[in-house]
Amino acid sequence: MRGRRRDTVRRTGYILFCAGLLVAAMSSVVKALVADSPGELQRWGTWPENIAALSTAVATIILLWEKRAPRADPPVVDEDRIGRAVADLAIRIRADWAEEAVRREVTRPAPVLVHWSSTGRPAASRRFVLDDRLGGEWQQLPLRGKTDESNNDIVTAFHSLPHRQLMILGDPGAGKTVFAMLLTLGLIRRPAADEPVPVLLSIHGWGTAERLDEFVARRLAEDYGDVLADYGDPLAFARRLVETQRVLPILDGLDELPADAIAQAMDRLDRFAAEGRPLVVTCRSDEYEQAVARSRVLSRAAVVELAPVEVEDAIAYLSQPVPDPRWEPVFAHLRTHRDGPLARAFSSPLMVALARSTYQAVPTADPVDLLEAAQTAAGQRSVEARLVAAFVPAVYVPQPRRPSDQSPAADVNYHPEQAQRWLMFLARHMSEHGVQDVGWWELSPLIRTGFVAISGSLVALLATLLFVPVFGPTFGLVVAAMAGLGTLAVAGFTGGPPRSIHAEEATPRSALAKERARAISRGLRGGALIGAAIGLLLANLLGMEIGYAGLFVAVFGLVYALATLLDHPWGSFLVARFWLGVTGRLPFGLPRFLEDAHRRGVLRQSGARHQFRHLVLQEYLAGGVSPLSAAPPAATASQQKADGQRPPLHQQRIRLCVAAVGLVFLMLFLLSTAQTPPTYRSGDRPETLTEVSCSASGGGGGCHEYIVGYQWQVGPGGQVSTTFTFPSRQRVIQFRGVVGEFKLLPSNGCANAAFEWQMSTAGRLLRSGEVRDTGSRNDAAHAPPPETKTVAVTVRRTDTEPCTAVLHWDGPAGLYRGVIPGSGPLG
């Protein structure tokens with residue numbers, strides 16, 4: 001923890017230091033661009049070079065330090081550390097799968113008795129599997145056994161294999177996952193000397209373009225990152241465990257890969273096993289045989305196949321823990337119709353387990369309904385469909401809380417119809433994306449349109465708060481709308497919400513808590529940094545009052561923090577969670593609902609993700625094919641690319657838009673407010689001189705009329721006074737002064753006319769001077785109040801000529817602080 005705090009402090013210090021350099025560099029660059037003399041240009045132009053050199057030196061030191069830092073860590077090759085990590089990993093795996101076995105009622109009180117033996121399907125020869133030089137078929141010395149409470153047969157058979165490589169086959173619902181689970185628990189409870197720790201992983205997330213050892217290491221870091229984090233970087237340490245063969249991968253569900261990828265996957269698995277690494281794989285029997293026909297078998301793996309459940313074994317399991325009289329008619333039918341539709345349905349461990357869970361959860365339900373289903377035309381399929389359909393409503397019947405259940409979800413009861421509707425939506429989402437597991441962070445793409453709309457609205461709000469007070473409602477709203485539309489395009493083009501997390505947490509709840517803390521920390525730090533950098537920079541360059549400078553800091557900081565949260569998996573999940581809850585597709589308390597579904601045995605947990613108990617259940621809830629005896633569905637495409645695999649620019653899209661609005665604001669202000677002409681308000685109305693400037697294309701739409709001067713006609717001894725006002729932007733930007741030259745225009749008989757003029761505001765003198773044909777005098781200017789809104793110009797004839805003279809104010813304009821060098825707090 002001390003090391004993490006040290007890293008956080010160091011990173012924060014670097015960020016703040018670099019932010020200060022950025023503010024200073026941008027300030028000096030802008031001041032150099034608008035310098036009004038070569039000396040000032042040179043003075044400000046050298047600052048960026050000095051700051052860049054200092055930044056480069058600091059960045060080099062940081063990089064060298066970061067390169068050096070990893071070498072200070074204890075080496076991961078330390079055998080003692082690896083041994084302790086393997087021991088901790090075994091304890092954790094044993095606890096997790098023991099709890100999962102109880103939750104799925106596999107070991108409560110005993111699993112369904114399933115016989116298994118060497119398969120008669122194509123397999124490697126005896127010579128390679130058993131290192132027997134006599135050769136011959138592997139099946140000549142078969143393995144056989146049954147699943148029971150102690151798992152002795154499974155463990156003994158596996159230990160008898162010289163290469164510790166095994167392929168497990170079975171029909172849909174035959175209990176392959178349960179067999180793999182019991183093997184995992186048995187090997188951990190009865191470890192042989194120097195035996196690797198078994199790790200049960202679902203294989204369906206593996207893309208065959210990825211190396212198998214890399215996939216195993218990645219999943220190990222995802223599912224058990226909290227254990228491995230005590231020994232170093234979880235992914236690096238997991239790779240080391242795989243390289244040193246301290247891990248026995250038990251890969252479940254080879255048949256769940258796309259059909260055209262299974263043969264290639266078999267080849268990759270064989271290469272992995274050929275290096276002498278232990279390996280266990282489960283697969284449906286038909287898919288295995290099809291893959292063997294197009295490729296090779298696992299050359300050193302023994303192959304066993306699970307047999308159908310026998311009638312008496314099914315009856316024994318359904319009678320646990322004590323016989324239930326409701327089942328007696330069903331048992332009698334099974335014993336007299338051992339090959340009937342009901343017996344064939346109960347030959348699957350999955351169907352037997354679903355029947356026991358369903359009718360135990362609903363004491364008033366009568367299993368005799370299954371006899372009616374078995375007598376229909378569909379027979380076996382009708383029984384299977386009824387069991388699958390009744391499972392979810394049954395397990396959601398309100399139950400009293402068990403004293404041993406202390407989970408947060410234990411106090412929650414959901415209405416069965418409501419829970420089934422939410423699970424159906426989740427199953428459809430998973431089926432449409434071709435996955436069998438889902439994490440909470442992967443639900444935000446469901447509201448991609450809403451995400452894009454919120455992104456555009458957020459940036460448009462920022463632009464409105466910045467532009468409208470300065471440029472007025474019309475121009476400000478137009479620019480804000482353009483900024484919002486630009487953000488819509490960027491967010492839509494770059495793929496919507498993020499889809500990946502730092503998956504190093506063991507449970508969905510811990511992953512959610514970790515990502516929440518990471519998102520809030522990143523948002524607050526980034527918001528404070530960007531708010532201070534852009535807000536203070538604009539305040540300095542534009543010479544804002546302290547109140548508006550604080551407003552800019554707060555607006556940029558808040559919006560950037562919100563943008564950071566929105567572009568983080570946790571933030572986008574909050575939006576998705578709210579929207580999906582409002583529309584009724586998922587509950588507002590989604591994490592608690594998923595935990596409750598896992599507790600009830602509907603879902604199973606794989607690291608930070610959730611899966612349905614069986615693919616058959618997912619397919620049924622998704623509206624697809626559910627009975628085991630039906631034809632399997634066509635394979636779906638693999639999951640889309642994660643957000644973390646996209647270019648960095650796409651990951652920073654919203655934050656870039658927010659920063660771009662600040663730069664656009666600065667550019668537009670510098671272009672439009674360097675000199676702003678005043679307009680007549682009251683007093684003696686002067687003649688207004690204007691010019692029209694048109695674009696190269698011409699036409700009225702491309703022309704703009706602007707004020708170039710004012711003229712007063714003053715008789716002998718006369719005096720005029722005119723009050724001018726300035727645009728509303730001076731409510732934000734401090735007023736600095738008035739510019740423009742007073743000239744005496746030639747007129748008949750008034751060559752010797754003379755004028756005295758002065759400008760004032762609120763009774764305070766700003767400028768004064770004298771104008772004659774022979775020359776002019778300009779007195780020293782006085783600093784105006786920053787809140788100046790109006791300026792009064794007073795002109796008086798001082799000559800005695802009997803004629804009317806014309807005084808011309810050429811290039812009248814008001815200046816604001818920040819648009820010329822030397823202004824603002826840093827100038």
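- Ring planes of W116 and F179: perpendicular class, angle over 60° (limits at 30 and 60°).
- Rounding to the nearest 0.5 Å places CE of M351 at 10.5 Å from CZ of F391.
- Using a 4.5 Å cut-off on side-chain heavy atoms (C-beta onward), V303 and L169 make contact.
- With rounding to the nearest 0.5 angstrom, the SG atom of C283 is 11.5 Å from the CG atom of L251.
- Here the CZ-CG distance, from R94 to L185, works out to 8.0 Å after rounding to the nearest 0.5 Å.
- A distance of 6.5 Å separates CD1 of I262 from CG of D255, quoted to the nearest 0.5 Å.
- The side-chain hydrogen bond (donor to acceptor under 3.5 Å, both in side chains) test with Q611 singles out one residue from R604, Q618, H598, and that residue is R604.
- Under the 3.5 Å distance criterion, the side-chain polar atoms of R277 are left unmatched by any main-chain donor or acceptor of A274.
- Of all heavy-atom pairs spanning H159 and R164, the tightest one is O-NH1, 3.2 Å.
- Cation-pi geometry between R356 and Y317 is satisfied (NZ or CZ under 6.0 Å from the ring centre, within 45° of the ring normal).
- P111 is listed as a side-chain neighbour of L182, based on a closest heavy-atom distance under 4.5 Å.
- Of the possible donor and acceptor atoms, one in the side chain of T147 sits under 3.5 Å from a partner among the backbone N and O of V112.
- The two residues P329 and L371 come nearest to each other via the heavy atoms O-CD1, 4.2 Å.
- With respect to the salt-bridge test (charged N to carboxylate O, under 4.0 angstrom), the residues R381 and E384 do not qualify.
- The shortest non-hydrogen separation linking V114 to A174 is CG1-O, 4.3 Å.
- At a threshold of 4.0 Å, the pair R592-D596 does not count as salt-bridged, since none of the basic side-chain nitrogens sits closer than that to a carboxylate oxygen.
- Partner of L200 under the side chain to side chain contact (heavy atoms under 4.5 Å, CB included) criterion, chosen from L248, T282, T184: T184.
- W206 contributes a side-chain N or O that, together with a main-chain N or O of E210, makes up a donor-acceptor pair within less than 3.5 Å.
- Listed for the R386 side chain is no donor-acceptor partner under 3.5 Å among the backbone atoms of L370.
- A salt bridge is defined here as a Lys NZ or Arg NE, NH1 or NH2 lying under 4.0 Å from an Asp or Glu carboxylate O, and R421 with E417 fails to meet this definition.
- For T376 (side chain) and A373 (main-chain N/O), a donor-acceptor pair under 3.5 Å exists by modelled atom type.
- Under a 3.5 Å cut-off, the side chain of R585 and the backbone N or O of L580 do not form any donor-acceptor pair.
- A donor and an acceptor atom, one from each side chain of R300 and Q165, are nowhere located under 3.5 Å apart.
- Judged by distance alone, the side chain of T336 and the main-chain N or O of H333 form a donor-acceptor pair under 3.5 Å.
- S285 places a side-chain N or O within donor-acceptor distance of the main-chain N or O of G170, the cut-off being under 3.5 Å.
- Salt bridge status for K176 with E305: absent, with no side-chain N to carboxylate O gap under 4.0 Å.
- Under the 4.5 Å side-chain criterion, counting only non-hydrogen atoms from C-beta, F346 is in contact with L334.
- Side-chain atoms of R284 never come within 3.5 Å of backbone atoms of G173 as a donor-acceptor pair (strictly under, hydrogens ignored).
- No side-chain donor from either of S202 and D252 sits under 3.5 Å from a side-chain acceptor of the other.
- For the pair F588 and G581, the tightest heavy-atom approach, listed with the atom from each and the gap, is CZ-C, 3.5 Å.
- Here the straight-line distance linking atom CG of L187 with atom CD1 of I250 works out to 6.0 Å at 0.5 Å rounding.
- Side-chain contact between M167 and M266 is present, with at least one heavy-atom pair separated by less than 4.5 Å.
- Between the side chain of S348 and the backbone N or O of A345 there is no donor-acceptor pair closer than 3.5 Å.
- Interatomic distance, CZ of R219 versus CD1 of I203, reported as 10.5 Å (0.5 Å rounding).
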